[in-house]
Amino acid sequence: MPLISQEEVVHFEKAIYLPMVLIILERDRSLFEKGTFKLKRPYIELVDNAIKLVQKELQETKIHMRKHHMKMIRGIGDDTFTEYVFYHGGYEDHRRYLNLRLRNRVEELLRVYLAMSNRQI
C-alpha cells in the first residue's frame with residue numbers, strides 16, 4: 001500500500017509540472033514579442049491567458065500543499081531521470097521521473113492550457 005495517496009501525488013505532480021509550463025509560456029511570450037510576426041497581439045493574448053490559468057492553478061496547488069503540510073524537494077537528476085522527494089503525513093516518498101516523461105507531460109499540459117485560453121478569448 002502506498003504511503004502517500006494517489007490523490008496527494010496529483011498535487012505533488014502539479015507542483016512539478018506547472019512551474020515548467022510557466023517557464024515555457026513565458027519564454028514563448030518573449031519570442032512572440034521579439035518575433036517578426038505581422039500580427040503579434042493574438043499570439044501574445046493567447047499565451048497571456050494561458051499564463052494566467054497556469055498561475056491560478058499553481059497558486060491553488062501551493063495553498064493546498066501548505067494547508068495539508070505537504071512538501072516537495074527536487075532531488076538528484078541526470079540526463080535520464082530526475083528525482084523528487086515528497087513529504088506528507090510523516091512519510092517520505094522518493095520518486096524518479098524519466099526526463100522524457102516530464103517533457104511529454106509538459107507538452108500535453110501546454111496544449112490543454114492553450115486550448116482553455118483559446119476558449120476564453
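All heavy atoms count here, side chains included; hydrogens, waters and symmetry mates do not.
- What you find for M20 and L102 is that their closest heavy atoms are CE-CD1, 4.3 Å.
- With a 4.5 Å cut-off on side-chain heavy atoms, Q55 and Q59 do not count as touching.
- When all heavy atoms of K40 and K34 are compared, the pair lying nearest together is NZ-C, 4.4 Å.
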Please report the C-alpha distance between Y113 and V47 in whole Å, then the side-chain angles of each, then the deciding distance to 0.1 Å, and finally whether the side chain to side chain contact (heavy atoms under 4.5 Å, CB included) criterion is met.
CA-CA 9 Å; Y113 286 106; V47 172; over 6 Å; no
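- Heavy-atom contacts from other residues, nucleotides or ligands closer than 6.0 Å to CZ of F81 number more than 12.
- In this structure, the side chains of Y17 and L22 stay at 4.5 Å or more apart for every pair of heavy atoms.
- Taking 4.5 Å as the limit, every side-chain heavy atom of K14 sits out of range of all side-chain heavy atoms of L58.
- Looking at I24 and D28, their side chains come closer than 4.5 Å, going by heavy atoms from C-beta outward.
- Between Y43 and F37, the ring planes lie tilted relative to each other; the angle falls in the 30° to 60° range.
- A salt bridge links E108 to R105: at least one charged side-chain nitrogen sits closer than 4.0 Å to a carboxylate oxygen.
- At a threshold of 4.5 Å between non-hydrogen side-chain atoms, the residues T61 and M65 count as touching.
- Heavy-atom contacts from other residues, nucleotides or ligands closer than 6.0 Å to CD1 of I76 number 12 or fewer.
- Across E8 and M70, no two heavy atoms sit closer than the pair OE1-SD, 3.0 Å.
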Is there a side chain to side chain contact (heavy atoms under 4.5 Å, CB included) between I23 and R27? Walk through the geometry before answering.
CA-CA 6 Å; I23 290 169; R27 285 183 188 166; 3.7 Å; yes
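- Counting heavy atoms of neighbouring residues, nucleotides and ligands inside a 6.0 Å radius, atom NE2 of H69 does not exceed 12 of them.
- Hydrophobic clustering of Ile, Leu, Val, Met, Phe, Trp and Tyr side chains at less than 4.5 Å, counting indirect connections, keeps V10 apart from M72.
- Contact check on K67 versus E60 returns no salt bridge, with no Lys/Arg side-chain nitrogen under 4.0 Å from an Asp/Glu carboxylate oxygen.
- The local environment of NZ in K71 is sparse, with at most 12 non-hydrogen atoms from other residues, nucleotides or ligands closer than 6.0 Å.
- Taking the side chain as every heavy atom from C-beta outward, T82 and R96 never approach each other to under 4.5 Å.
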Step by step, work out the side chain to side chain contact (heavy atoms under 4.5 Å, CB included) result for I73 and Y84.
CA-CA 6 Å; I73 297 175; Y84 290 91; over 6 Å; no
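- Looking at N104, its side chain never comes within 3.5 Å of a backbone N or O of N99 through a donor-acceptor pair.
- Side-chain atoms of S117 come within 3.5 Å of backbone atoms of L46 as a donor-acceptor pair (strictly under, hydrogens ignored).
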Test log, rule side chain to side chain donor-acceptor pair (under 3.5 Å), inputs E92 and H94
CA-CA 7 Å; E92 179 178 316; H94 293 256; 2.5 Å; yes
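- Residues V21 and L25 meet the side-chain proximity criterion, which asks for heavy atoms closer than 4.5 Å.
- Ion pair R95/E83 not flagged as a salt bridge, since none of the NZ, NE, NH1 or NH2 atoms sits closer than 4.0 Å to an Asp/Glu carboxylate oxygen.
- When side chains are defined from C-beta on, D93 does not count as touching F12, because their heavy atoms never get closer than 4.5 Å.
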